[in-house]
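Remember, predicted model here, so these are calculated numbers, not experimental data.
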Amino acid sequence: MKKALGAIIAAVIAAAIAVPAAVVAWQSLRSEDPGIATPVADRAQQIKRGEYLARAGNCIGCHTPRGGDAYAGGRAIVTKFGTLYSSNITPDKKTGIGSWNADDFWRALHHGRSKDGSFLYPAFPFPSYTKVSRDDSDALFAFLQTIPATDRPNQEHALRFPYNQRILLAGWRALYFEPGEYRADTRQSVQWNRGAYLVQGLGHCSACHTARNTFGATASQAELAGGMIAILDWYAPPLNGDQENGLGNWETGHLAALLKTGISPRGAAFGPMAEVVGRSLQYLDDTDIEAMAIYLKSLPPDAASARPPAQQPEPAEAARIMKLGKQLYGDLCIDCHSDKGQGASPNYPPLNGNQAVTTSSPVNAIRIVLNGGYPPSTAGNPYPFGMPPFGPRLSDQEVAAVVSYIRNDWSNRAGFVSPSEVNRYRSVPLD
């Protein structure tokens, strides 16, 4: 508690010091060209490219509320600081970005500032988008100017004090944000650099797959080492070379298949990742998907990805849980996932050796057993096989037993799950 209070005081002091400098810097930025815009020879081709980039960044995912107009904003983004609402990025001149120009849009992506110079909250992932090139920013803006305009006023954020004081973002930015385009690593191939550009930039993979600190900033020392997605209560696994929790044992082709279709011989995409695949990644060129897979497979393991020692109950209690879990598995799971947990690829993912099952946090396995789920419907898997929800049928003790069983039978060796953990996730909203 004292550390958190000290950090808040430090941030406030940093903001007070940084604000005057930030104002001067903004005035300077407004008076100069904020980037090098390349003259466009083929406007239609630029717009087409912008549409592709909007898919790569999954812009529609955050800027479209359920049942609402595309890109018109208003989707709630729940955080521990309160609720933010995505903005209208249609070309409506009054409520959207119709009065913006390409420079204004570049400043938002690259510098995290709105047209009027106000700081944007980092729920908009400008710490990743700052790596996007000026040409790609201009193409993205050109596309957004062609979509139907929607007159939908932006909704005020509902943040608690002091997080509703936007000026304090000056301190946050001083501590956690440094603008800068992606710079190619000349030691690596063109394909590797393309993958790095997409993963680090528009793909903003670190927004979910990197743990966050007290103030919601991603921990740069644990980049892509996995972490809980705040409030959503899903665990985003490591995307580095960790052998147990990460991608160390994955084949590049299997990873590419998961990103493109939502299914692979190693597992399937559920939860928030299913939305990312369904709305974004399935539309990317195979060459870009392969580049992302090659880049991710090259990342070294990180100590932050290491699985802590599994918590095991007393032997007699463990035996009782495993017996009940095995019985439930035989009744409910064996027809699809087989007696040895090998599954039936690609429709029924394996459970033996599946990191979604054995990861340090059991939350994903618990939620899938409780609520069921489907991989996304994609061109490569248009009619996905899903899993029914067992929450209405099983008690907390029974769900805990079957999840503990699949986490500890065959070659799996992970922690047991308690009924209280299951109960916690029964009431969590599905999205």
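- Put simply, the side chain of Asn245 does not reach to within 4.5 Å of the side chain of Pro237, judged on heavy atoms.
- When only modelled atom types and interatomic distance are considered, Tyr425 and Asn371 share no side-chain donor-acceptor pair under 3.5 Å.
- Of the candidates Asp135, Asp42, Asp136, Asp136 is the only one forming a salt bridge (Lys or Arg N to Asp or Glu O under 4.0 Å) with Arg49.
- The closest donor-acceptor contact from the side chain of Thr378 to the backbone of Gly278 lies at 3.5 Å or more, if one exists at all.
- At least one donor-acceptor pair closer than 3.5 Å links the side chain of Lys80 to the backbone N or O of Thr214.
- A salt bridge does not link Arg152 to Asp69: none of the charged nitrogens lies less than 4.0 Å from a carboxylate oxygen.
- Put simply, the side chain of Thr210 never gets that close to the backbone of Thr218: no donor and acceptor are under 3.5 Å apart.
- Salt bridge absent: Asp92 and Lys94 never bring a charged side-chain N and a carboxylate O closer than 4.0 Å.
- Between Thr130 and His111 the shortest side-chain heavy-atom distance does not fall below 4.5 Å.
- If you check the side chains of Trp410 and Gln342, you find no donor sitting under 3.5 Å from an acceptor.
- Salt bridge Arg134/Asp103: present, at least one basic N to carboxylate O contact under 4.0 Å.
- Ring-plane geometry between Phe124 and His63 is classed as perpendicular, the angle between the planes exceeding 60 degrees on a 0 to 90 degree scale with a lower cut at 30.
- In this structure, Asp138 CG and Ser133 OG are separated by 8.5 Å, a value rounded to the nearest 0.5 Å.
- Counting only residues at least two apart or in different chains, ring pair (Phe, Tyr, Trp, His ring centres under 6.0 Å) contacts with residues 345-379 comprise Tyr348-Phe385.
- Between Tyr197 and Tyr295, the distance separating the two ring centers is not shorter than 6.0 angstrom.
- Using a distance-only test at 3.5 Å, with no hydrogens or angles considered, no donor-acceptor pair links the side chain of Arg75 to the main chain of Gly68.
- If you look at His157 and Tyr121, their ring centroids are closer than 6.0 Å.
- Summarising the geometry of Ser427 relative to Arg424, their closest heavy-atom pair is OG-O, 3.7 Å, with the distance given to 0.1 Å.
- Within the 4.5 Å cutoff, no side-chain heavy atoms of Leu84 are placed close to those of Ser86.
- The backbone N or O of Ala356 sits nowhere less than 3.5 Å from a side-chain atom of Asn364 that would complete a donor-acceptor pair.
- With sequence neighbours excluded, the residues forming a side-chain hydrogen bond (donor to acceptor under 3.5 Å, both in side chains) with Thr90 are Asn88, listed by chain and number.
- In this structure, the separation between CG on Leu109 and CG on Leu140 is 6.5 Å, given to the nearest 0.5 Å.
- The shortest heavy-atom contact between Gln145 and Pro91 is O-CG, 3.8 Å.
- Checking Phe119, Trp172, Phe126 one by one against Phe177, the ring pair (Phe, Tyr, Trp, His ring centres under 6.0 Å) holds for a single residue, Phe126.
- Within a 6.0 Å sphere centred on NZ of Lys48, other residues, nucleotides and ligands contribute 12 heavy atoms or fewer.
- Between Leu258 and Thr261 there is no side-chain heavy-atom pair separated by less than 4.5 Å.
- Checking Asn352 against Ser411 by side-chain atom types alone, a donor-acceptor pair falls below 3.5 Å.
- Put simply, the side chain of Gln355 gets close to the backbone of Gly246: a donor and an acceptor are under 3.5 Å apart.
- Between Ile263 and Pro346, the shortest heavy-atom distance links the atoms CD1-CB, 3.6 Å.
- Salt bridge annotation for Arg367-Asp233: absent, with no cationic side-chain nitrogen under 4.0 angstrom from a carboxylate oxygen.
- Taking all atoms of both residues into account, the shortest heavy-atom contact from Cys59 to Tyr71 is CB-CE2, 3.9 Å.
- Tyr283 carries Arg55 over the face of its six-membered ring, with the cationic atom under 6.0 Å from the centre and within 45° of the normal.
- The backbone N or O of Ser114 lies less than 3.5 Å from no partner atom in the side chain of Ser118, so there is not a single donor-acceptor pair.
- Atom CD1 of Ile406 sits about 5.0 Å away from atom CG of Leu351, to the nearest 0.5 Å.
- Pairs passing the salt bridge (charged side-chain N to carboxylate O under 4.0 Å, His left out) check and including a residue from residues 283-294, sequence neighbours excluded, read Arg194-Asp288, Lys260-Asp286.
- Side chain of Asn408 to backbone of Ser404: a donor-acceptor contact under 3.5 angstrom is found.
- The heavy-atom pair separating Gln191 from Thr287 by the smallest distance is NE2-O, 4.5 Å.
- In this structure, Asn240 and Leu247 have side chains that are not in contact, with every pair of non-hydrogen atoms separated by 4.5 Å or more.
- Aromatic pair His110/Trp106: centroids less than 6.0 angstrom apart.
- Counting only N and O atoms by type, the side chains of Thr359 and Ser361 include no donor and acceptor under 3.5 Å apart.
- Between Glu178 and Lys131 there is no salt bridge, since no side-chain N of the basic residue sits under 4.0 Å from a carboxylate O of the acidic one.
- In this structure, Asn193 contributes its side chain and Ala184 its backbone to no donor-acceptor pair below 3.5 Å.
- You'll find the side chain of Met273 reaches within 4.5 Å of the side chain of Leu259, heavy atoms only.
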